[in-house]
Amino acid sequence: MKFSYRFIIKYSLIMQTKSMNYWSSWWTFSAASLHNKEKQNRESLYLLFPAQVSSTLQPSIAANPSIMVSPVLSGIAGAILAPIMPQFALNKLLDSLLEYLSRDQPSSSSHVDKLQQLENERKAFTEANLKLEILQSEVRRLHKRDKQNMRLIHINNKLRDVSCQIKDLKDDLEYMEVQRKVEEINLQDEAAADEKQSTTPQPWSSIISWKTGGSSDKRRRLSSSESTDDIVNKMRAIVKQIDCIDSEMRFEIQVDALKGGYNSRGQHQAEENKRVTTSSPSESKIYGRDHEFQQLIELLKEPKESGDVSVIPVVGMGGIGKTTLAQFVFNSTEIANHFEKKAWVCVSDYFDRHRITKEILDSLSAVPFGVTTSYDVLEREIKRLVTGKKFLLVLDDVWSDEWRELLNFLRCAQAKAIKLIVTCRDPKVLGGVADGQNQITLKGLSDNDIWSLFMKCAFTDKNPDSSPELHAIGKQIVVKLKGSPLAAKTVGRLLGSCLTEEHWKDILESDLWKLKTDEQGILSALALSYYHLLQPLQLCFAFCSVFPKDFEYDTNSVIGMWIAHGYIQEIEGSSKTLEDIGEEYWLELEARGFIEKVDGCFKMHDLLHDLARSVSHGETYIYEGRKDEEIPKDVCHLFAHSFCDLELVCKTNNLRTLILSEASDIHAILSHKAFKRIRVLFIFHTNVEELPDNIAHIKHLQYLDVGGINIKYIPESLCTLYLLRVLKLPCLPPALPSRFHNLINLRRFCMHDYYYFKNYLQTSYYVIYQINSGGYQIAQLRNMNELRGELLIGGLENIGNMEEMMKAKYLKEKRHIKVLSLIWENTSNDCKHDLQEQTLEALEPHPNLKYLRIDGYMGFKSPNWLMTPGFQRLEEIKLEGCRKWTRLPAALGLLPSLKSLELSCIENMTIEVDYSVTEMYPSLQSLELIESTLSFEGMSSSLSAMGQNHNHFPKLTSLTIKENEVNGLHLPLFSALKYLGINDSRVVFDQLAVCLNGVSSLSDLVLDAAKMQIFSAKVMATLHTLVKLNISYCNELISLEGLQAFPSLERLSIVRCSKFISWGTEEEMTEDGLWLPNLQIMEIEFCADLETLPTWLPRLPLLEKLIIIRCPKFRSWGTEEEEITEHELPLPSLQYMEISFCECLEILPAWLPRLPLLNKLIIRGCPKFRSWGTEEEMTTLPNLQYMEIDSCKDLETLPTWLPRLPLLNKLQISGCSKLIFWGTEEEMTALPNLQCMIIEWCTDLETLPAWLPRLPLLEELIIRFCFKFKSWGKQEEEITEHELPLPNLQYMEINCCLDLETLPAWLPHLPLLNNLQIIGCHKLISWGTEEEMTALPNLQYMEINCCEDLGTLPAWLPCLPLLNKLQISGCPKLISWGTEEEMTALPNLQYMEINCCKDLETLPAWLPRLPSLNELIITECPKIHSLLQDNLPSSLEKLCLIECERSLIERCQQEGSLEWQMIQHIPHRLYTW
């Protein structure tokens, strides 16, 4: 229980009196418990200082000027205090110690004296504990006023160390208590084993209480692991440390008083709101927020009822651009024209209602309003000014839900409309006021947008192209910014102060949190969010920095680590477990943006990771094994990739977490004294097969995860880790230690066994326990009553005797188990049925159970515990493979929480009914009957006998019947049924019309493997509410006749109905002349005999998706002979159309080009397809964005309307071996939105379309395996100077075009191309132009591979300013580098590879002048006899000469040779021949 205290501190002038009682003359306390957590955080301490204090302190200040605050900023506008662990009171520690000692009978007068001495010291411990709480509160209060005071940081760190020491003592004492408890349990087990009685006495009741019974002789046999005298001495030492810290703190309080920390009444002055924003944006342009900008404007202009107040939140982490977005919207012309009154108020973290109301009024009034303290006067004037007007109010930087106080009077205003923009970081401050659909959540900027903003801030008015060498460094820096606009501005401006490579590389290699920036820097903004976290959340957040950046956090693993460190405290009087509270903490951090979910994984933004490292104050450290790297001595949580030298940690004395990767000698590590007090040990990526015996050395261990290594042996000593809460193993080891049951504190025992994990486990906490004869017995779980989450017990068939079976009874004591799976394996008909029945009877779980699964049970009877309605919380039951089970108890039908029931692979079971009740299975929502023979006759007879007063399955919405023999089940009884799935169930199909008659609520029907030829209207006559119909594997189905009965049908799927050919009678339609007026999705797959679609297909008004797959005889669209009139729009809602593997299809429908909303068209695997239905040139398919034509072997031409598709974004043509014509040869500006064009395996294609260079937005061009391709369409025509070809092309790949001889003349003019790959073009000899020029200004990657006839590289190659990687391979005739001029070339080239160029004799003359080259690889170039005359680039770090000329390699290895001298500066060299 945490308390919040209000302290009144009186100053005493008798400071010099050493003998004074500190607590009587210095401090006077009054404590009051506060129930409001928010007020608890803000509670301040009040001091009353006499005037004499000033004169008293002046000499001290003069003598010690260092106490004055330094004005120098420390990178984040002041140091951030590290959080302190929740306090375990010293006096409570004393109570626990006395309780521990008093359990022993006093054996001597010295024992009595020890107890009395501890009682006498209670007052000192109590006062020290109270003093410690005061110190922790005071240091935070003073730090809020002076964040530059490093002495406060030092004091806070001392307080943190004291808290850790107290936690150590608490754990020591807890270890002794648990050890005592374990030993008592074992003594009772031994005594029970010695007794020769026929029944074993039940010892459990004697060990539930901590004060366990038993003789004094036995208690004296118990041993403690650490002397209680040592604990007392450590407590006394802690009291002395607190007194020393207190002396330092007194001085800080006096200094703060002199600096005006209190008003005339001794009250602390309110902290000023340092951050102030206005409606004027500080930037001339907003980057990357076009969508959010437009969305916000539309929400603001959205009409609302008169007088209504609409709240539109803008939420995101600090520095993400919330204020900037609001400013640009606030000042936009559209908003200015829409709203007659506007006001902007910066709320900030201190909510001052009077100030805010006054600022709103001042913004609305033409003249300043007079001074008044009356809220009523201010609010009445605001309401008067907005009456009859549209009013926009922006509340920027909101930190609490107090802003909602403003809504009350605004709702009373007679305005036309009032819109509020609220910017905040924590969505919880919205308090449910805002509509979630209206919330705008800002994420990081895209790569292009953050780059543009970064360059603008770095170069301001300078030309970025003037410093191309900085671009590559800048791009690496931008990656670290992770889309943060504030980071881009801050770092960009810092870089802009010095545009040199050295400066930019320094920044690149620095941690962002160490950069010295202004007070509005990156972490200053983020630190505000941190300060608004409760202290336990601050601890949890800081701890997360022990993991590397981009680490994928496992929620439950991290929560387990938090619990091990004591960061999560139980809530007194609450039923919530620590795990429950930990999940709430996690959700809170996620909601506030400290943790984000990316692609299904939880990660922490790099900037927030930097903040977490900063606030940890050296507590967390990631050791990377760098040369001369040292581990800080104060580190508490260590992530180590490897340990080369254990002496690196010999100076650490406070280590609490060790996360270890790639360590070889775990034995030496665990023996090291530095690891003695760790709570968390996580080892992975290590080739270790057994845990060492000395693991008992770390007795405080609470979390052990070795799931990432192949552990085959667990030592007996592990069972002395009595505080262990979480144990994770990779798989089931051959045996467990004999004393495994001693781990009574174990909460989670997890095994990463793939088989079980994949098939059975659904929850986060789980235990897999496989009973066998090699060391696993059910008795080993008997004392582990703290296990929680999911428990799976397999191998129950191995319980072979009554004695072992009776020990299974302890399962009902495990109240935290929510999910239980009991599994018998490899059972046969000759197994011992009676023993299995007795075993299941003994395995009675606790009534808290929510999910029960029984698999492979071969008994006939139900256990007695399932025949009583005692499991009131049970929600799901699954009985699988229990073949002999004969009766399902009626008691299950009385369970109030049961929502799901699955019966699978049961040979003959009767569902029993309780005739005394009127309702069975009152909450059941899902019933699955699979491969079983079941009888519901009793239920049917009860309904017949009792009439309408009985109601069974009143909430059942989903029923699945698969391969069953089901008797007595009448579907009309299920009044709430929504889903019905019937699979190969003969009895049901034979009576399908009767079964479905009256099921009026059904919306989803699945018929699988039904033996029916006609889908008749009679069967479906009453299913007016059906929304989804899926018919599959109905191999006898020929015709559908009942479709007209489904006016609500939205999805129709017909799959693998091999004889289906007819759509039934097509004359019957709805009254408005429409078939299936609500159908949205139509799927026809694997219907082998289907030849035609229905004639009513084009008239489906809402069809959005049409899919026809693997219908080999399909050839007709049903409307070939029928004209679609011009005023009739076919399929007006169709968006997706796919025709795949229809071997007989030759022509597309004539109405295809007129589909108004089609955005995706796929035609695949139709070898006879050759006609587009119409050749008319017109504006067609106005919304088509994706078009794919694949494996249409007879297709020779593309449609004439292709270039006129206005929104086409991606065009892919593959496997059309006869394609030769693009539909039109007209040169035009075509496909204005095409971004990706892929042409593959069109083996007869010789030329590209003439309109290709005029594609304005094309970003990706790929031509692969077009063996006859040789012409670029405009290769004969010059590109005019004012005409920029393919201005947005970024990726270009030409692969295996065997006849291609020349590249296009416009290639060097591509302004944004960054990746160029020419592969397998054997006849290529020309680059299109030989002119030396500044070409391809953005090219970063260039690969030339297997161009056998190529003799020269382009003359413009050395002029590529951003080229980073160059690969030339398999060009045996290459002899020239395009130019022999010696010049400074390729300023950003870092990687260069030359491979299999057998005729190449020289390296380029410009090679020595490559300023950034890092790696040079030359492979199989036998004619290169020597390196250059000049030295190789000084930046080179790696040189590889592989299978080159042998004498060259020998000279490189010969000390003193010219080549040897040229390469000595290269640290990594590799030679092979």
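Worth saying up front: this structure is predicted, and the values here are computed from it rather than measured.
Donor-acceptor pairing under 3.5 Å is lacking for the side chains of Thr357 and Glu359. Residues Glu502 and Thr500 bring no donor and acceptor atom of their side chains to less than 3.5 Å of each other.
Within 6.0 Å of the CG atom in Asn331, the count of heavy atoms belonging to other residues, nucleotides or ligands exceeds 12. The 12-atom threshold is not exceeded at NZ of Lys443, counting heavy atoms of other residues, nucleotides or ligands nearer than 6.0 Å. Open room surrounds CG on Asn448; 12 or fewer heavy atoms of other groups in view lie less than 6.0 Å from it.
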query: Does the side-chain hydrogen bond (donor to acceptor under 3.5 Å, both in side chains) test come out yes or no for Ser446 and Asp449, once each step is laid out?
result: CA-CA 5 Å; Ser446 67; Asp449 291 324; 2.9 Å; yes
message: Test side-chain contact (heavy atoms from CB on, under 4.5 Å) on Thr277 and Asp397; report intermediate values, then the result.
response: CA-CA 8 Å; Thr277 66; Asp397 201 21; 5.6 Å; no
message: Show, in sequence, the C-alpha distance, side-chain angles and deciding distance for Val422 and Ile312, and conclude whether the side-chain contact (heavy atoms from CB on, under 4.5 Å) test is met.
response: CA-CA 6 Å; Val422 178; Ile312 305 169; over 6 Å; no
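Phe551 has its ring centre less than 6.0 Å from the ring centre of Tyr553. Residues Trp344 and Phe330 bring their aromatic ring centres within 6.0 Å.
Listed here is the closest heavy atom pair of Pro464 and Met455: CB-CE, 3.4 Å. Contact between Leu1231 and Pro1256 at its shortest, heavy atoms only, is O-CD, 4.1 Å. Closest approach of Phe339 and Leu300 over heavy atoms only: CZ-O, 3.6 Å.
The shortest side-chain heavy-atom distance between Leu486 and Ile320 does not fall under the 4.5 Å cut-off.
When the ring pair (Phe, Tyr, Trp, His ring centres under 6.0 Å) test is applied to Phe391, no partner is found at least two apart in sequence or on another chain.
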